[in-house]
Each structure stands twice: as C-alpha cells, then as structure tokens.
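This report refers to the structure that appears directly beneath it.
Just follow the structure's listing: the first ligand is 1, and inside any ligand the first atom is 1. Because the structure is predicted, anything quoted here is derived from the model rather than measured.
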Amino acid sequence: MIIAIDGPAGAGKGTLAKRLAEHLRFAHLDTGLLYRAVGYAMLRSGQSPDDPEAAERVAKALDPATLSDPGLRGDEAANAASKVSAIPEVRAALLEFQRGFAATPPEGAQGAVLDGRDVGTVVCPDANMKFFLTATPEVRAERRVKELQERGLEAIYARVLRDMNERDTRDQARAVAPLTPANDALVLDTSTLDADAVFERALRYIASLNSARAILLAAPPDPRPPDPTGRPEQRARRKD
Ligand code: DC
C-alpha cells in the first residue's frame with residue numbers, strides 16, 4: 001500500500017505523513033530531503049546549484065545516509081533544493097530511489113507514505129491513496145516562522161513569506177514535474193485546520209476509500225455474457 005502526500009512547503013504534509021506512517025506502521029520518506037541533500041552537498045563543495053551537470057553528478061552519487069544531516073532542515077538547503085529540483089537529470093537520478101522505497105519499504109513495513117511535490121503525479125502515479133495539502137502563503141509563512149523560532153533560529157516574517165512565494169513560483173513553473181495535484185488526489189486546504197483535524201480527515205478518507213473498495217470486491221460478478229456491441233447502455237435497458 002502506497003500513500004502519496006503532495007503540496008507546497010508549510011501546508012502540513014510532513015506532519016501528516018509522519019502521523020499516518022506511525023499510525024499504520026508504514027515506512028515514511030520525505031522526498032524533499034533528497035533534493036535538499038543534493039543542493040546542500042553542492043553548496044558545501046562550493047558548486048552552484050544552478051549547474052546542471054554538477055547537480056546530476058551529485059544526485060547520482062547521493063548516499064541516503066546523509067539524509068539525517070540537520071543542516072538539511074535550514075533555508076539555505078531549501079533554496080538550493082528548489083533550484084536543483086528544476087533540473088530534469090536530477091529528478092531522473094532520484095526517481096529510482098523513491099520508487100524502490102515505495103515498492104519495497106524498509107524493515108519489512110507493509111506500506112509506505114511518501115511526501116513531496118510530485119509523488120502522486122510522477123513518482124507513484126498508481127499510489128493507493130493520494131492527498132494534496134494546501135494553505136494560503138500567509139498561513140504557511142507563519143507556520144514556518146514559528147517552527148524556526150522554536151528551533152531557536154531568527155526568523156523575519158516578511159522574508160520568510162517572500163522566500164516561500166519565490167519557491168512556490170519556481171516549483172509550480174518548472175517544466176518537469178511541476179507542483180500540481182494529481183486528478184485523483186483529495187485536496188485539503190489546511191489554512192484553518194490544526195494537525196489533529198488534518199489527521200482525522202485523512203483517516204476518514206482512507207476508511208471511506210477502503211470501504212468503497214471492500215464493497216466493490218464483495219459485489220457478485222455480472223452473470224450475463226459480455227455484450228458484443230460493447231455498448232453498456234443498451235445492456236442496461238435489456239430485460240433479463
Ligand atoms: O518539501 P521541501 O521543502 O523539503 O522541498 C525542498 C524543495 O525540493 C522544494 O523547493 C521542491 C523540491 N521537491 C521537489 O521538487 N519534488 C519533491 N518530490 C520534493 C521536493
């Protein structure tokens with residue numbers, strides 16, 4: 001079972017992904033960390049995150065063990081990530097790792113929750129459940145300021161909002177895998193919802209999808225032979 005959660009920064013997807021993974025005992029992958037790790041490694045080695053060839057090399061050599069580096073959580077890494085993530089070769093290099101994680105979650109978990117920008121559209125288009133979380137830029141910037149302050153870091157609201165808008169524009173406008181909801185995703189605006197309310201709505205949605213699937217699976221098969229004309233509306237009118 002694969003659960004995809006996409007959306008812009010600060011919409012609450014990381015929090016929801018962690019809670020769902022814990023609740024269902026699934027493995028969790030924050031796919032943004034992969035892009036952050038590439039961007040951060042480039043900054044640390046003095047390379048520009050706008051250099052496609054260097055970024056591709058770094059992405060291909062990425063060691064998943066570096067994903068726990070606390071430096072990846074900072075805004076410097078976030079901005080570099082937003083730049084390298086627009087490079088098609090970088091996205092292609094990171095795709096296999098993400099799909100492998102989803103198909104064979106670590107530690108024998110029965111499922112995986114992946115959160116990011118293109119999980120439901122590109123990485124796992126066949127995911128069993130898809131969510132797309134949104135919130136107004138102002139609410140997302142406020143959440144980010146609070147998070148930074150809680151970590152003892154300085155944060156200026158106007159700057160955070162400006163950076164967030166710039167990142168949103170880059171993520172939505174890029175040619176490959178732009179940030180957009182999958183057609184079959186549940187879109188949840190979290191502007192006025194706290195983490196508990198988002199979690200409860202997600203659980204309700206999962207339960208409703210599961211019961212709809214159970215009803216479909218339990219339905220007896222149609223005993224009539226297939227209609228050679230292939231026109232179901234005529235079949236429906238025919239008397240048995
Ligand atoms: O979710 P985040 O803030 O950690 O993501 C950092 C950047 O990585 C963000 O600007 C967009 C990019 N990203 C992406 O392009 N595709 C993903 N699946 C995840 C993140």
Next on the checklist: Among all the protein's non-hydrogen atoms, which is closest to atom 4 (O) of ligand 1, and how far away is it?
Outcome noted: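 The answer is Arg36 NE, 2.6 Å.
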
Next on the checklist: Can you report which non-hydrogen protein atom sits closest to atom 20 (C) of ligand 1, along with the distance?
Outcome noted: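 Ranking protein heavy atoms by distance from atom 20 (C) of ligand 1, first comes Gly32 CA, 3.5 Å.
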
Checklist entry - Under 3.5 Å, side chain of Thr190 to main-chain N/O of Leu193, donor-acceptor pair present? => result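 Checked: no pair found.
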
Checklist entry - With distance as the sole test, does Asp194 use its side chain to make a donor-acceptor pair with the main-chain N or O of Ala197 at under 3.5 Å? => result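 Checked: pair present.
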
Looking at [Y] and [X], is there a salt bridge between them, counting it only when a charged N and a carboxylate O are closer than 4.0 Å?
{"X": "Arg144", "Y": "Asp75", "value": "yes"}
{"X": "Arg57", "Y": "Glu53", "value": "no"}
{"X": "Arg19", "Y": "Glu22", "value": "no"}
{"X": "Arg73", "Y": "Asp30", "value": "yes"}
{"X": "Asp184", "Y": "Lys130", "value": "yes"}
{"X": "Glu142", "Y": "Lys146", "value": "no"}

Next on the checklist: Any atom of ligand 1 sitting under 4.0 Å from a heavy atom of Val119?
Outcome noted: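 Per 4.0 Å heavy-atom rule, Val119 does not contact ligand 1.
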
Checklist entry - Does Arg91 come within less than 4.0 angstrom of ligand 1, counting non-hydrogen atoms of the residue? => result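 Yes, Arg91 has heavy atoms under 4.0 Å from ligand 1.
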
Next on the checklist: Looking at non-hydrogen atoms alone, which of Asp6, Val38, Asp118 comes nearest to atom 18 (N) of ligand 1?
Outcome noted: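 Of the listed residues, Asp118 has the closest heavy atom.
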
Item to check | Closest to atom 12 (C) of ligand 1 (judged by heavy-atom distance), picking from Ser85, Pro178, Ala177, Gly7 | outcome: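 Checking each option, the heavy atom nearest atom 12 (C) of ligand 1 is found in Ser85.
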
Checklist entry - Taking N or O atoms only and a 3.5 Å limit, does Tyr35 qualify as a polar contact for ligand 1? => result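 Among all N and O atoms of Tyr35, none is under 3.5 Å from an N or O of ligand 1.
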
Item to check | Short N or O distance, Arg117 and ligand 1, threshold 3.5 Å exclusive | outcome: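 Arg117 vs ligand 1: N/O contact under 3.5 Å present.
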
With a cut-off of 4.0 Å, which atoms of ligand 1 are near a heavy atom of [X]?
{"X": "Ser82", "answer": "10 (O)"}
{"X": "Thr31", "answer": "17 (C), 18 (N), 19 (C)"}
{"X": "Ala81", "answer": "6 (C), 7 (C), 8 (O)"}
{"X": "Gly116", "answer": "18 (N), 19 (C)"}

Side chain, backbone, both or neither: which part of [X] has a heavy atom under 4.0 Å from ligand 1?
{"X": "Lys13", "answer": "side chain"}
{"X": "Arg167", "answer": "side chain"}
{"X": "Arg73", "answer": "neither"}

Item to check | Heavy-atom side-chain contact between Asn183 and Thr121 under 4.5 Å | outcome: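 A side-chain contact is absent here, since even the closest heavy-atom pair is not under 4.5 Å.
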
Item to check | Student check: side-chain heavy atoms of Val198 and Leu188 closer than 4.5 Å | outcome: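 Of all side-chain heavy-atom pairs linking Leu188 with Val198, at least one is under 4.5 Å.
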
